[in-house]
J.: 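Structure in structure tokens, see below.
Note that the structure is predicted; figures quoted are calculated from it, not measured.
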Amino acid sequence: MDFGRLFDNIVSVTKESQLKLGYESVPFGINYARSSLLHLLGDCDDGVVPDLLAEFAAQYRDTLGDITYRTVSNGYRIDIPTQGVDYVHSLVSDDDFLVQFIKVIRDYTCTVDDVIAVFNRYSRKVVVEHIDNEDFDYLIYFEDGQPDAFWYCIDTQDIGMTYHRFTKEDYLDFGF
């Protein structure tokens, strides 16, 4: 089984947390809604998830350490040990898209054009859609998923800007 999407998601979510909250060499847990985890595992049947998570943990033990997982309300929790948290931290560089995106969006004076400029620095295949709903004003993502496969929902109505990011499948499931 190819666990690349799950691995990349764990790395990205862990990295995002480190960038927003600061890096600490401590274990980190990620709660996944059942549907989200099923998408990351290739839209498999819920009954095979424990076996697939055991296989994932074994496959990535050398990189992330002894991953543990358990069911939680409406999904699963994956716990990444210190070894994995440290590994993710070693991947962070100032050139990283997510580093630059968070740096810009945290600046309360930034505009949506500033945010779009960050995307455009990393690809010519950027999709920008104005969303007419009460939750978000813009949807921005890389058409080919490179260098980042998340779909970013930007809200410009708050003091400063806020964002949420989703996998493509989760975004479509939510029906924004």
J.: Report the distance from atom CG of L139 to atom NE2 of H164, rounding to the nearest 0.5 Å.
T.: 13.5 Å
J.: Can you measure from CD (Q59) to CG (L64) and round to the nearest 0.5 angstrom?
T.: 10.5 Å
J.: Between M1 and L41, which heavy-atom pair has the shortest distance, and what is it?
T.: CE-O, 2.6 Å
J.: Say you draw a straight line from CD of E134 to CG of D137; how long is it, rounded to the nearest 0.5 Å?
T.: 11.5 Å
J.: For D79, enumerate each residue passing the salt bridge (charged side-chain N to carboxylate O under 4.0 Å, His left out) test, keeping only those at least two apart in sequence or located in another chain.
T.: R70, R77
J.: In sequence, state the C-alpha distance, the side-chain angles, and the governing distance for F150 and L98, and then conclude on side-chain contact (heavy atoms from CB on, under 4.5 Å).
T.: CA-CA 10 Å; F150 283 92; L98 192 56; over 6 Å; no
J.: Under a 3.5 Å threshold, yes or no: a donor from one side chain and an acceptor from the other, between D155 and Y138?
T.: no
J.: Output the distance between atom NZ (K125) and atom CG (N120), rounded to the nearest 0.5 Å.
T.: 13.5 Å
J.: Do I10 and I30 touch side chain to side chain, with heavy atoms closer than 4.5 Å?
T.: yes
J.: Does any non-hydrogen side-chain atom of C110 lie less than 4.5 Å from one of V115?
T.: yes
J.: Verify the neighbour count for atom CD of E55: are there more than 12 heavy atoms of other residues, nucleotides or ligands below 6.0 Å?
T.: yes
J.: Using atom types as modelled and distance alone, determine if a side-chain donor or acceptor of D114 lies under 3.5 Å from a backbone N or O of T111.
T.: yes
J.: Can you list the residues that meet the salt bridge (charged side-chain N to carboxylate O under 4.0 Å, His left out) rule with D148, with sequence neighbours excluded?
T.: R165
J.: If you count the non-hydrogen atoms of other residues, nucleotides and ligands that lie under 6.0 Å from CG in D62, is the total more than 12?
T.: no
J.: Quick one: ring-ring contact (aromatic ring centres under 6.0 Å, His included) pairs with a partner in residues 49-74, sequence neighbours left out?
T.: F3-F56, F7-Y60, F56-Y60
J.: My understanding is that only residues two or more places apart in sequence, or in another chain, count here; which of them pass side-chain contact (heavy atoms from CB on, under 4.5 Å) with S93?
T.: D95, D96
J.: Are the side chains of L40 and Y32 in touch, meaning some heavy atoms are under 4.5 Å apart?
T.: yes
J.: Taking the side chain as everything from C-beta on, heavy atoms only, tell me whether L6 gets closer than 4.5 Å to L37.
T.: yes
J.: Show me the pairs that pass side-chain hydrogen bond (donor to acceptor under 3.5 Å, both in side chains) and involve residues 166-176, at least two apart or across chains.
T.: R5-E169, S36-D170, H39-D173, T167-D170
J.: Would a hydrophobic clustering, with Ile, Leu, Val, Met, Phe, Trp and Tyr connected at side-chain separations under 4.5 Å, put V72 with I67?
T.: no
J.: Is V104 close to I102 at the side-chain level, that is, under 4.5 Å between some pair of heavy atoms?
T.: no
J.: If you measure from CG on N74 to CZ on R34, what distance do you get to the nearest 0.5 Å?
T.: 7.0 Å
J.: What pairs with V127 under side-chain contact (heavy atoms from CB on, under 4.5 Å), at least two apart in sequence or on another chain?
T.: E129, Y141, E143
J.: Not counting sequence neighbours, which residues clear side-chain hydrogen bond (donor to acceptor under 3.5 Å, both in side chains) with T82? List them please.
T.: none
J.: Under the ring-ring contact (aromatic ring centres under 6.0 Å, His included) test, which residues partner Y122, sequence neighbours left out?
T.: F97
J.: How about Y23 and T14: do any of their side-chain heavy atoms sit closer than 4.5 Å?
T.: no
J.: Quick one, V85 with V26, criterion side-chain contact (heavy atoms from CB on, under 4.5 Å). Give me CA distance, side-chain angles, the key distance, then yes/no.
T.: CA-CA 7 Å; V85 170; V26 297; 5.9 Å; no
J.: Applying side-chain contact (heavy atoms from CB on, under 4.5 Å), name anything that partners D66, two or more places apart in sequence or on another chain.
T.: R61
J.: Is the shortest side-chain heavy-atom distance between L38 and C44 below 4.5 Å?
T.: yes
J.: Run the salt bridge (charged side-chain N to carboxylate O under 4.0 Å, His left out) test against D8 and tell me which residues pass, sequence neighbours left out.
T.: none
J.: I need the minimum non-hydrogen distance between K15 and V92, along with the two atoms involved.
T.: CG-CG2, 3.6 Å
J.: For S17, what residues pass the side-chain contact (heavy atoms from CB on, under 4.5 Å) criterion, not counting sequence neighbours?
T.: L21, F28
J.: F174: which residues meet the ring-ring contact (aromatic ring centres under 6.0 Å, His included) condition with it, sequence neighbours left out?
T.: F166, F176
J.: Check whether D46 reaches the backbone of V49 with its side chain - one donor and one acceptor, N or O, closer than 3.5 Å.
T.: no
J.: Is Q18 reaching over with its side chain to a backbone N or O of E24, donor-acceptor style, under 3.5 angstrom?
T.: no
J.: Which atoms form the tightest heavy-atom contact between N133 and D135, and what is the distance?
T.: OD1-N, 2.7 Å
J.: For residues F101 and F119, determine if any side-chain heavy atom of one lies less than 4.5 Å from a side-chain heavy atom of the other.
T.: yes
J.: Looking at OG1 of T71 and OH of Y76, how far apart are the two atoms once the value is rounded to the nearest 0.5 Å?
T.: 7.0 Å
J.: Donor-acceptor pair, distance only, cut-off 3.5 Å: does the side chain of S123 make one with the backbone of V126?
T.: no
